[in-house]
Structures are given as C-alpha cells and as structure tokens.
Amino acid sequence: MPDTTSLDFMTFDLFLNHWAKERPDTIAVEEGGRRTSYAEADRLSRQLIACLTECGVRKGDRIAWYGKNSDRYFLLLYAAGRMGAVMAPLGWRLAPREIGYILGDTGAKLVVASDEFLGIANDVAAGMDNGPKVAEVESFFARASAMEPAQYEPAGERDTVLQLYTSGTTGNPKGVELSNANLFSLRKPSIQEAAPWQDYRPTDCILMVMPCAHIGGTGSAPMGVANGVRVLIQEEFTPTGVLDAIENGTTMLFLVPAAIQMVVQHPRAKETDFSGLRYLMYGAAPMPLELLKEAVGTMPDTGFLQVYGMTETTGTISLLPPEDHVLEGNERMRSAGKAVPGVSIEVRGADNKEVPRGEIGEICIKSPSNTAGYWKLPEATASTIDGDGWLHTGDAGIMDADGYVYIQDRIKDMIISGGENVYPAEVENAIFGHPAIAEVAVIGVPSERWGEEVKACVVCKPGAEIESGELIAYTRERIAAFKAPKSVDVIPEMPRNASGKILRRQLREPYWEGQDRKV
C-alpha cells in the first residue's frame with residue numbers, strides 16, 4: 001500500500017524530512033557507482049543550502065544547472081526546493097546564444113556546470129552584463145560537503161522551485177514557473193482513488209534517462225522523493241543503458257516513443273527479462289499503433305501507461321491505463337486516455353465553451369498542477385490561462401462519450417521531434433538571415449524514428465539558389481541541431497489565405513496523407 005502518513009505533504013522539505021526518518025538507508029538517488037541514501041540526501045541538501053547561501057542565493061533567486069542528467073542535479077534541485085530558490089536546468093544541446101538568453105531571462109545568480117560544459121558556461125557568463133557566477137559541479141559539492149548543514153526557512157507549497165523553458169512562438173523560449181504544489185498536488189487524489197500506478201513499494205526503482213531540462217526527466221524527482229523510492233539516473237538515453245537498468249532492478253520508467261522503438265528493436269531485447277518492469281510510461285510524441293503493439297508484445301508483463309501533458313501542467317494530466325493496452329491493438333490505444341484523479345479536461349470551441357462529445361476543439365485543463373504562469377510574461381500567461389483557471393493547451397482534440405481524449409492536431413503549430421519541442425517561428429528566425437532566402441515556413445513531417453522531424457519550405461530570392469545541406473548547416477550554427485531542419489523543400493511560392501497568412505496546413509498535408517494521426 002502507498003505511504004499515507006505523507007498524504008498531505010506538498011513540499012520537497014516535508015518529504016525529505018519524512019523519508020530521512022522512515023527510510024534512512026533507502027537509496028534516494030543513484031548514478032553509476034555513486035549512491036545517496038535518504039538520510040544522506042537530507043543532510044547533503046542542507047549543506048548545499050549553506051553553500052548556495054554563501055554564494056548569495058536567496059529565496060526566489062534563480063540558479064541554473066548546465067550538464068547532462070546527474071544525481072548532482074537532483075540533489076541541487078532538492079536543496080533549491082527546500083529553501084525556495086528556483087532551479088532552471090539548461091538543455092545541454094542548446095546553442096550558446098540560447099543558453100545566454102535563458103540565463104539573462106532568469107537573472108540567475110549561479111550556474112553549476114559539469115566539467116564538460118564549464119568552458120561554454122564561463123564564456124557565456126563572461127559575455128553578459130552582470131553575468132552569473134559559474135561553479136564546477138564537483139568542486140561545488142566538495143565545498144558544500146565540508147560545511148555545516150544550514151538553518152533555513154522552508155519554502156511553502158506555493159513557492160516556485162522549478163523553472164523549465166519551453167520554446168516560444170515568437171522565437172524566444174518562455175520560462176514556466178512550477179511550485180512545490182504543482183509538483184506534488186496530484187499524488188493525493190490518485191492515492192485516494194487507489195490508482196494502481198500510485199502503488200509504490202519500498203523496493204521500487206524509477207529510471208530517469210530523459211533530459212532533465214524537460215518535465216519528462218525532472219518529473220522523476222518528485223515521483224521518487226514523494227514515495228521514498230530510488231531514482232536511478234543515467235547521463236543520457238541509450239537503449240543498452242535502459243536494458244541494463246531493467247535487468248538490474250528498474251521497476252518504472254518514462255520514455256518517448258522514439259526511445260521505446262530503439263529499446264524494443266535492439267538485438268538484446270529478445271534476451272532481456274522484463275518481468276520486473278512494473279510500469280512503462282510513454283508520451284511527449286505520437287506512438288504509432290504498430291510500434292505500441294510491438295512494445296506490448298516484447299514486455300507482456302509490463303503495465304503500459306500512455307501519459308499526456310505539458311510543461312505548463314507539470315506533466316501528466318491524462319493517462320491511458322494498462323487495461324486499455326492489448327496485443328492485438330484497439331481504438332483506445334490511439335487516444336491519450338482520460339483525466340487522472342484531480343484533473344478536469346474539457347474540449348472547447350472558439351467561444352471558450354465546451355463542445356459536444358465527438359466534436360473537435362481545443363483541449364483545456366483545470367488542475368492544481370497547472371502553472372501559475374510564465375516568468376515575466378503576463379500577456380502570454382493571460383492568453384494561455386483564462387480567468388477561470390483553465391489552461392488552453394493549443395492542442396486540438398476530440399473527447400469520446402467515455403472521456404477518452406484523442407489528439408488531432410496542434411493549434412499552435414508546435415513540432416515534437418523525439419520528445420523535443422520545436423516551434424516553427426524559432427527555426428524560421430534562424431533561417432531568415434540567409435542571403436538566398438526570401439521566405440520560409442517550417443513544418444513537421446512524419447518520421448518513423450522521431451515521430452516528427454523538421455522540414456523547411458523555402459522560396460529563394462530572384463536569381464538565387466540554395467542547396468539543402470548548406471541551409472541545414474547554416475541553421476545549425478544558430479540554433480540547436482535538433483531544431484534545425486532535416487530536409488528542405490525549395491518551392492516557387494508560399495500558399496497563403498486571403499489575408500496573406502502562410503497556410504502551413506497546406507504545406508503539411510501531402511506528408512501526412514494516410515497517417516493515423518496528424519501530429
């Protein structure tokens with residue numbers, strides 16, 4: 001049975017205090033050969049608070065992590081969450097210019113960087129006015145470990161403790177503010193309704209391999225610490241790493257469909273014992289039905305959970321449970337499931353009123369996990385969260401009579417490639433400076449490996465020509481490689497409506513014809 005003594009806890013501080021007493025020797029975080037028990041995590045996070053304070057970090061200040069997945073990141077997140085500092089992890093694949101933008105937007109006091117990224121962090125900080133202090137992670141931890149644990153005022157439920165950046169429709173990413181309550185509020189209703197996926201056991205182990213700059217990666221932290229179980233961390237995803245972890249005691253994990261495909265199609269998958277894997281959560285991109293059937297057949301004893309959500313909802317707000325996954329496939333396996341306990345979902349029309357079941361509209365969410373808003377962007381917040389607290393996702397969908405949600409399209413044009421969010425405007429801004437390009441429209445096209453991949457449709461200036469490889473290389477110099485187009489179509493003119501707006505849907509249609517889903 002789930003631990004119910006902590007049912008009303010909703011802060012990192014309360015959970016760490018609780019598990020340090022109840023399960024002091026249970027491993028809290030593990031990476032490689034380094035293991036930290038709950039008692040050690042309790043003490044070390046307090047020492048980290050002392051070190052952060054010495055560096056001038058106070059409640060409400062932003063700190064940044066620049067590195068791949070690490071137990072060090074999680075321990076810093078726990079320390080920040082306890083004292084009310086705000087962790088802003090940086091995507092390690094971002095270009096230096098993008099790193100600089102996020103650091104400037106947060107006003108971060110401190111960047112803790114792994115050795116691999118220390119040089120870039122120093123260069124970016126040096127090029128900024130009032131740039132943050134930069135600390136190498138192992139030196140920072142050694143310094144903290146020599147200090148006395150801090151006395152501090154614990155952060156409250158509504159205090160922001162995490163700021164994740166999501167690509168912006170105007171070219172710059174937006175900082176999504178997430179509080180302690182956002183991270184932990186949906187645990188209680190799920191336990192009260194005896195949701196089987198909330199039946200955490202002391203021997204459970206959550207594998208974290210998705211990037212920590214995303215809610216699908218960082219979300220492992222509140223799951224682990226709220227339930228007093230081990231979080232096993234791998235620096236980055238590899239199919240062999242996942243298979244190793246499953247053979248060595250992993251009972252739960254989250255993967256994007258592209259990662260699942262690499263795992264189940266790896267030669268070792270046929271020889272791997274999956275019987276200990278209790279739940280496999282998947283989401284963040286479409287899952288082709290044939291791939292899902294293959295995965296279910298490869299792991300017949302595993303409970304599959306399709307999860308739908310976004311950074312702004314702190315991750316999962318709807319779920320397709322294991323009983324709706326069958327080897328032969330069914331219509332519900334094409335859906336994103338139903339609202340989890342504590343969440344309300346409505347499909348609304350342009351008038352912001354719920355449409356009849358079976359009709360298409362915008363998926364809207366009301367949940368205690370909804371962000372309070374975007375950092376320093378009141379207009380963007382107001383356009384996303386209405387006056388009644390409903391968050392408008394930008395996803396178009398249909399809800400059936402039983403409450404299952406089927407995602408049809410994305411109102412906001414976002415592309416999800418391998419679980420990474422890419423906004424066309426951001427890529428278009430990077431391409432527009434090329435001297436041969438007159439116009440550009442970026443779209444997502446189907447990819448067997450990544451779900452979607454980025455394609456640039458361009459119109460050249462009179463007399464100019466462009467090679468695909470040249471334009472792709474040009475773009476990669478300006479934004480992260482995963483955002484750059486994988487292919488380029490040179491077209492004579494852009495399709496437009498009567499008001500002159502480019503019709504991206506018309507550009508996309510030939511590529512998505514015959515596909516089960518349009519995103």
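Side chains are part of it too, since the values below use all heavy atoms of this structure and drop only hydrogens, waters and symmetry mates.
Between E98 atom CD and R93 atom CZ the span is 11.0 Å, to the nearest 0.5 Å.
Here E271 does not pair with R268 in a salt bridge; the nearest charged N to carboxylate O distance is not below 4.0 Å. A salt bridge does not link D402 with K338: every distance from a Lys NZ or Arg NE/NH1/NH2 to an Asp or Glu carboxylate oxygen is 4.0 Å or more. Salt bridge E426/R478: absent, no basic N to carboxylate O contact under 4.0 Å.
Pairs engaging residues 457-479 under the ring-ring contact (aromatic ring centres under 6.0 Å, His included) rule: H434-Y474 [sequence neighbours left out]. Sorted pairs that involve residues 253-264 and meet side-chain hydrogen bond (donor to acceptor under 3.5 Å, both in side chains), not counting sequence neighbours, are lacking altogether.
No side-chain heavy atom of D115 sits under 4.5 Å from any side-chain heavy atom of V137. You'll find the side chain of F117 stays beyond 4.5 Å of the side chain of L90, heavy atoms only. Under the 4.5 Å side-chain criterion, counting only non-hydrogen atoms from C-beta, L110 is in contact with F140. Residues Y279 and P322 meet the side-chain proximity criterion, which asks for heavy atoms closer than 4.5 Å. Counting only heavy atoms from C-beta outward, the side chains of V347 and I360 never approach each other to under 4.5 Å. Considering only heavy atoms from C-beta on, I102 stays 4.5 Å or farther from Y66 through its side chain. Residues E294 and Q265 are in side-chain contact: their nearest non-hydrogen atoms beyond the backbone lie under 4.5 Å apart. Under the 4.5 Å side-chain criterion, counting only non-hydrogen atoms from C-beta, S318 is not in contact with V343.
Considering all non-hydrogen atoms of both residues, Y404 and S335 come closest at CD2-OG, 3.6 Å. Shown here for L77 and T218, the closest heavy-atom pair between the two residues is CD2-CG2, 4.0 Å. When all heavy atoms of V355 and R348 are compared, the closest pair comes out as CG1-C, 3.9 Å. In terms of heavy-atom proximity, I472 sits nearest to S487 at CD1-N, 4.2 Å. Minimum interatomic distance between S70 and W65 (heavy atoms only, all atoms of both residues): CB-CZ2, 3.7 Å. Here the shortest heavy-atom pairing between P89 and C212 reads CG-O, 3.6 Å.
In this structure, the ring of F254 has its center no less than 6.0 angstrom from the ring center of H214.
A salt bridge (Lys or Arg N to Asp or Glu O under 4.0 Å) with R72 is found for exactly one of E136, E235, E138, E31, namely E138. The side chain to side chain contact (heavy atoms under 4.5 Å, CB included) test with M310 is passed by exactly one of L391, T166, I215: L391.
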Does the side chain to side chain contact (heavy atoms under 4.5 Å, CB included) test come out yes or no for K483 and L94, once each step is laid out?
CA-CA 9 Å; K483 299 177 184 178; L94 297 179; 3.8 Å; yes
Any chance you could lay out the side chain to side chain contact (heavy atoms under 4.5 Å, CB included) test for I415 and V442, step after step, and finish with the verdict?
CA-CA 9 Å; I415 300 164; V442 167; 3.9 Å; yes
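For Y308 and Q306, the side-chain atoms include no donor-acceptor pair closer than 3.5 Å.
Counting heavy-atom neighbours within 6.0 Å of E236 CD, excluding the residue itself, gives a total above 12. Within a 6.0 Å sphere centred on CD of E493, heavy atoms belonging to other residues, nucleotides or ligands number 12 at most. Other residues, nucleotides and ligands place no more than 12 heavy atoms under 6.0 Å from the CD atom of E448.
Between the side chain of N370 and the main chain of W390, no donor-acceptor pair closer than 3.5 Å is present.
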